[in-house]
**Student:** 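Quick one: the structure is below, questions incoming.
In what follows, chains are A, B, ... by sequence order, proteins preceding strands, each numbered from 1. For the numbers below, each heavy atom of this structure counts, side chains included, while hydrogens, waters and symmetry mates do not.
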Amino acid sequence: MEATSSSCPVMLVTQAITNLEKCKSMTELRQIHALMIKTNLVANTFAASKLVSFCCLSGGLDHAVSVFHRIQNPNPFIYFTLIKCFTDSSNPLESISLYAHMLTCLEDWKGVEFSLPSVLKACGKIKAFDEGQQVHGQILKTHFLFDPFVANSVIRMYLEFGRVEFARQVFDEMPERDVISWNSMITGYLREGDVELARGLFDEMPGRDLVSYNAMIDGYGKCGKCELAEEIFGMTSQKDVKTWTSMISAYLHNHYPKKALDMFREMLCLGIQPDAPALVSVLSAIADLGFIEEGKWIHAYISTKKIKMSNGFIGSALIDMYAKCGHLENAFHVFRSISHKRNIGDWNSMISGLAIHGLGTVALEVFHDMERMDIEPDEITFLGLLGACSHGGLVDEGQHCFKLMQEKYKIVPKVQHYGCIIDLLGRAGHLEDALGVLQNMPFEADVLAWKAILSASIKHENAAAGENAALRAIELAPEDSSCYVLLSNIYAKAGRWDDVAKIRSMMKQRTVGKIPGCSSILVKGKVHIFLVGKAMDENCTDEVLSKIKDVVSRLKFEGYEPDLTQVLLDVEEEGKESLLSLHSEKMALAFGLINTSHGAPIHIVKNLRICRDCHSFIKLVSRVYNRRIVVRDQNRFHHFENGFCSCKEYW
DNA sequence: ATAGGGTTAG
């Protein structure tokens with residue numbers, strides 16, 4: 001028998017609901033419940049289900065269950081309320097049990113279909129494959145597959161299991177597909193990396209909506225097909241903030257941070273309000289570019305719009321941005337300001353931020369705070385820590401961290417973690433040990449592991465080890481120009497000119513292009529970009545070139561000797577010195593010397609690793625011209641002051 | 001009741 005609502009006047013029901021909606025604490029909730037029992041409102045289906053769902057929302061799942069048990073003959077809708085709560089809770093298994101229990105209690109299955117999406121979601125969430133198949137079986141028997149809500153949920157569940165072929169079968173069998181069915185299949189294929197199949201469905205589907213477009217943009221972006229993402233982006237005239245965010249992150253994933261930033265600006269111009277995810281992705285682009293002014297603007301925007309820093313990634317994105325723009329104090333400031341509501345990402349960003357500045361000891365201190373506060377570190381925390389030790393030359397501490405992560409935190413190291421350890425040992429000159437780790441680790445060595453050995457070999461002048469490492473790295477990443485260049489440098493240094501020529505022609509044959517060096521500098525709020533021997537704003541090229549000449553001759557007085565050992569690939573002997581002096585970071589530095597006042601610090605961002613000559617050049621400039629110079633290269637920060645660099649030659 | 005976007009990583 002259905003609980004009667006006729007016994008309760010409508011007024012009372014509405015009153016109870018209003019009370020529930022205003023309710024702020026469990027104590028209040030209990031009072032309302034008591035009143036509802038007194039007036040027999042608990043017998044009213046609608047009021048009772050509201051009560052159950054409010055219990056769930058305020059975190060009192062237990063209370064919800066006890067309320068539920070006092071309801072006589074709960075109807076499918078009340079079951080549904082609690083099932084949904086269980087699905088969203090940390091214990092979705094309960095949702096499946098309650099569903100099974102409901103089936104044994106109900107005589108009439110009318111209304112059961114409302115619970116099916118929740119139950120299927122619960123199965124997917126806890127990867128309960130067998131249970132999921134059982135529910136699927138029941139759905140087939142009871143013909144609920146006719147209900148697109150139900151069928152779509154079955155599809156979603158199989159996708160959650162990673163079984164696209166099962167999902168596809170349901171998709172093919174279901175009597176009536178709606179736009180959600182198509183979109184679900186498309187995202188399923190995209191998650192598998194099967195863009196062609198996804199695109200096939202996208203082209204074939206009868207009526208696309210925004211979700212379809214956004215999913216394709218996102219999918220293309222993630223698999224490195226930026227042009228195709230752009231194509232889809234251009235196909236739809238209606239765009240929402242997610243469309244823009246998808247395109248921004250597509251640019252980001254494909255290493256076009258400038259385009260990502262431009263896209264964000266365009267979005268703002270059209271009056272679209274960025275939300276947290278949009279801001280997080282643009283912050284990441286800004287961090288890549290090192291555009292501190294834009295970063296500060298976004299920070300101010302977040303503050304004025306009162307966007308929460310605690311949940312989500314806003315805090316970590318801000319910390320990361322400030323650290324990568326060289327403003328560690330601001331990163332720390334954000335980090336401190338969220339001290340009571342930090343998530344793991346906030347800690348990780350702070351630790352990695354300190355790592356790129358070479359502040360290994362501080363990073364370890366932050367980690368100790370984390371341990372004191374019982375925050376469970378994850379694998380990224382340890383990548384940051386190992387990197388911090390590596391850049392800070394802290395060999396023992398790094399090895400200790402590596403042990404700690406396995407023994408105390410039971411984290412199984414990935415190939416990246418081994419890469420860090422190899423790098424750590426290699427940099428510190430323990431080349432044999434580094435090779436030992438590489439040979440004994442439970443993974444095939446990847447490019448980065450070999451590149452770590454390669455740069456350690458070069459630094460510690462072991463040509464044979466370097467040659468071997470370079471050859472292995474080239475095998476694994478034939479498109480990466482840096483390994484060819486380093487190898488040919490090794491050959492050149494040994495006078496093996498035939499081999500130098502061989503490498504050069506190999507590069508030509510494989511059309512491996514060198515990535516052009518590029519540096520940027522911020523002067524009076526404007527970013528200026530320099531390539532080798534050329535300013536993007538060509539008006540100032542000549543002025544910069546003559547300034548470099550001045551600086552070089554002044555430094556030569558102080559004992560500067562151009563280090564020609566790294567310009568061995570393409571150039572004749574007499575061209576080497578002038579080519580060296582045209583490196584983009586020297587151009588940017590000269591521009592900074594011309595256009596900033598005496599004693600003002602200079603910040604430069606470079607896309608590649610800084611070369612040895614530029615490094616000693618800038619050290620000297622910092623002393624002779626009495627300037628603090630901060631350079632971010634591909635790997636880390638260099639803080640130059642009074643002739644010294646913070647990296648202590650660890651780079 | 002079912003589908004879409006986000007950070008930190010050698």
Side-chain angles (χ1 to χ4, degrees), chain A residues 77 80-81 83-84 87 111 113-121 124 147-157 159 178-188 190 209-219 221-222 240-250 252 274-284 287 312-321 323-324 343-353 355-356 378-391 398 413-424 426-427 446-449 451-452 635-636:
Chain A
F77 193 65
F80 159 68
T81 308
I83 285 176
K84 184 173 157 45
T87 298
E113 70 271 27
F114 270 77
S115 293
L116 285 170
S118 281
V119 175
L120 292 161
K121 190 177 177 186
D147 183 339
F149 278 93
V150 173
N152 289 340
S153 300
V154 179
I155 291 178
R156 180 206 147 101
M157 177 186 74
L159 292 176
D178 62 10
V179 69
I180 294 178
S181 328
W182 289 90
N183 289 344
S184 302
M185 270 325 295
I186 288 173
T187 47
L190 289 173
D209 66 1
L210 253 182
V211 177
S212 333
Y213 287 96
N214 294 353
M216 281 309 300
I217 295 169
D218 198 56
K222 287 195 174 125
D240 64 3
V241 66
K242 293 182 189 184
T243 320
W244 290 90
T245 309
S246 298
M247 198 57 229
I248 291 170
S249 65
L252 205 57
D275 58 3
L279 292 165
V280 166
S281 35
V282 79
L283 275 171
S284 173
F313 305 132
I314 289 280
S316 4
L318 274 174
I319 295 168
D320 175 58
M321 180 277 293
K324 285 192 182 149
N343 58 40
I344 184 75
D346 302 328
W347 290 93
N348 290 350
S349 290
M350 195 65 237
I351 290 176
S352 312
I356 53 172
D378 64 8
E379 50 180 67
I380 295 171
T381 317
F382 284 102
L383 279 180
L385 280 173
L386 294 174
C389 293
S390 187
H391 287 306
K414 299 205 161 153
V415 66
Q416 287 98 321
H417 294 99
Y418 283 99
C420 287
I421 285 290
I422 293 168
D423 188 53
L424 175 88
R427 269 176 214 275
D446 63 358
V447 209
L448 288 155
K451 279 175 90 167
N635 282 341
R636 58 164 297 156

**Student:** Under the 3.5 Å rule, do the base of dT7(B) and the side chain of Ser316(A) count as making a donor-acceptor pair?
**Tutor:**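 Side chain to base: pair present.
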**Student:** CD1 of Ile314(A) versus C1' of dG6(B): gap in Å, rounded?
**Tutor:**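 Rounding to the nearest Å, CD1 of Ile314(A) and C1' of dG6(B) are 8 Å apart.
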**Student:** Okay, side chain of Asn152(A), backbone of Pro148(A): is any donor-acceptor separation there less than 3.5 Å?
**Tutor:**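 Yes; at least one donor-acceptor contact below 3.5 Å.
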**Student:** Nearest to the Ala449(A) side chain among dA1(B), dG5(B), dG10(B), which nucleotide is it?
**Tutor:**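 The answer is dG10(B), which lies nearest to the side chain.
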**Student:** Give one of base, sugar-phosphate or nothing for Val150(A), where a contact means two heavy atoms less than 4.0 Å apart.
**Tutor:**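 Nothing, no nucleic acid heavy atom in range.
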**Student:** For the side chain of Ser246(A) and the base of dG5(B), is some donor closer than 3.5 Å to an acceptor across the two?
**Tutor:**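 Flag unset: no donor-acceptor pair detected.
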**Student:** Atom CG in Asn348(A), atom CD1 in Ile380(A): separation rounded to 0.5 Å?
**Tutor:**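 So the gap between those two atoms works out to 6.0 Å.
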**Student:** Which one, dA1(B), dT2(B), dT8(B), comes nearest to the side chain of Phe114(A)?
**Tutor:**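 Among dA1(B), dT2(B), dT8(B), the one nearest the side chain of Phe114(A) is dA1(B).
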**Student:** So, Asp423(A) side chain and Gly426(A) main chain: donor-acceptor pair closer than 3.5 Å or not?
**Tutor:**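 The answer is no, because no donor-acceptor pair under 3.5 Å joins these two groups.
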**Student:** What contact category does Asn635(A) fall into here, base, sugar-phosphate, or nothing, at under 4.0 angstrom with non-hydrogen atoms?
**Tutor:**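 Here Asn635(A) touches no strand at all.
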**Student:** Within the 4.0 Å heavy-atom criterion, would you say Gly345(A) contacts the bases, only the backbone, or no part of the nucleic acid?
**Tutor:**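 Result for Gly345(A) = base.
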**Student:** Calculate the interatomic distance between Asp320(A) atom CG and dT8(B) atom P; express it in whole Å.
**Tutor:**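 So the CG-P distance, Asp320(A) to dT8(B), works out to 6 Å.
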**Student:** Mind calculating the distance between CG (Asn152(A)) and P (dA1(B)) to the nearest angstrom?
**Tutor:**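 Distance, rounded to whole Å: 15 Å.
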**Student:** Just checking Ser118(A): base, sugar-phosphate only, or nothing, at a heavy-atom cut-off of under 4.0 Å?
**Tutor:**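 The answer is nothing, as Ser118(A) stays clear of every strand by at least 4.0 Å.
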**Student:** Within the 4.0 Å heavy-atom criterion, would you say Ala151(A) contacts the bases, only the backbone, or no part of the nucleic acid?
**Tutor:**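 Result for Ala151(A) = nothing.
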**Student:** Between dG10(B), dT2(B), dG5(B), which nucleotide has the shortest distance from any of its atoms to the side chain of Ser249(A)?
**Tutor:**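 Among the listed nucleotides, the one closest to the side chain of Ser249(A) is dG5(B).
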**Student:** May I ask you to say what Asp275(A) touches in the nucleic acid, namely base, sugar-phosphate or nothing, with a heavy-atom cut-off under 4.0 Å?
**Tutor:**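 It contacts base atoms.
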**Student:** Between P on dG6(B) and CD1 on Ile319(A), what's the gap in Å once rounded to a whole number?
**Tutor:**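 One finds 20 Å between P of dG6(B) and CD1 of Ile319(A), rounded.
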**Student:** If you check every side-chain atom of Cys420(A), which of dA1(B), dG10(B), dG6(B) has the closest atom?
**Tutor:**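 So the side chain of Cys420(A) is nearest to dG10(B).
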**Student:** Looking at every strand, decide which applies to Ala276(A) at a 4.0 Å heavy-atom threshold: base, sugar-phosphate, or nothing.
**Tutor:**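 Counting heavy atoms under 4.0 Å across all strands, the contact made by Ala276(A) includes a base.
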**Student:** Please confirm whether any donor atom in the side chain of Asp446(A) sits under 3.5 Å from an acceptor in the base of dG10(B), or the reverse.
**Tutor:**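 Answer yes: a donor N or O sits under 3.5 Å from an acceptor.
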**Student:** So, OP1 or OP2 of dT7(B): does either fall under 4.0 Å of a side-chain N or O from Lys324(A)?
**Tutor:**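 Lys324(A) to dT7(B) OP1/OP2: no side-chain N or O under 4.0 Å.
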**Student:** Can you list the steps and then say if Lys121(A) with Lys84(A) is a side chain to side chain contact (heavy atoms under 4.5 Å, CB included)?
**Tutor:** CA-CA 9 Å; Lys121(A) 190 177 177 186; Lys84(A) 184 173 157 45; 5.7 Å; no
**Student:** Atom CG of Leu318(A) to atom P of dT8(B): distance rounded to whole Å?
**Tutor:**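 Computing the Leu318(A):CG to dT8(B):P distance gives 13 Å.
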**Student:** Whole angstroms only, please: what is the CG-P distance between Leu385(A) and dT8(B)?
**Tutor:**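 In whole Å, dT8(B) P lies 17 Å from Leu385(A) CG.
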**Student:** Would you indicate what Lys414(A) reaches in the nucleic acid, counting non-hydrogen atoms under 4.0 angstrom: base, sugar-phosphate, or nothing?
**Tutor:**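 No contact at all - Lys414(A) keeps every heavy atom at 4.0 Å or more from the nucleic acid.
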**Student:** Consider the side chain of Ser284(A), meaning its heavy atoms from C-beta on, and name the nucleotide among dT8(B), dA1(B), dG10(B) that approaches it most closely.
**Tutor:**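 Selected nucleotide: dT8(B).
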**Student:** Hey, are the side chains of Val119(A) and Thr87(A) touching, using non-hydrogen atoms and a 4.5 Å cut-off?
**Tutor:**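 Contact flag for Val119(A)/Thr87(A) side chains = no.
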**Student:** NA contact type, Val415(A), heavy-atom cut-off 4.0 Å: base, sugar-phosphate, or nothing?
**Tutor:**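 Base, at least one base atom sits under 4.0 Å.
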**Student:** Taking the six-membered ring for Trp, does Phe313(A) stack with dG6(B) (centroid gap under 5.5 Å, planes within less than 30°)?
**Tutor:**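 Answer is no, no stack.
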**Student:** Looking only at side-chain atoms of Ala278(A), point me to the closest of dT8(B), dG5(B), dT2(B).
**Tutor:**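 Of the options given, the side chain of Ala278(A) lies nearest dG5(B).
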**Student:** List the residues meeting side chain to side chain contact (heavy atoms under 4.5 Å, CB included) with Leu190(A), not counting sequence neighbours, and say none if there are none.
**Tutor:**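 Listed in chain order: Ile186(A), Val195(A), Ala198(A), Ala215(A), Met216(A).
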**Student:** Could you tell me how far apart Leu383(A) (CG) and dG10(B) (P) are, to the nearest whole angstrom?
**Tutor:**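 Answer to the nearest Å: 7 Å.
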**Student:** For residues Leu424(A) and Leu386(A), determine if any side-chain heavy atom of one lies less than 4.5 Å from a side-chain heavy atom of the other.
**Tutor:**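 SC-SC contact between Leu424(A) and Leu386(A) ruled out.
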**Student:** Could you state the atom-to-atom distance from CD1 of Ile217(A) to P of dG6(B) in whole Å?
**Tutor:**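 After rounding, the gap between these two atoms is 12 Å.
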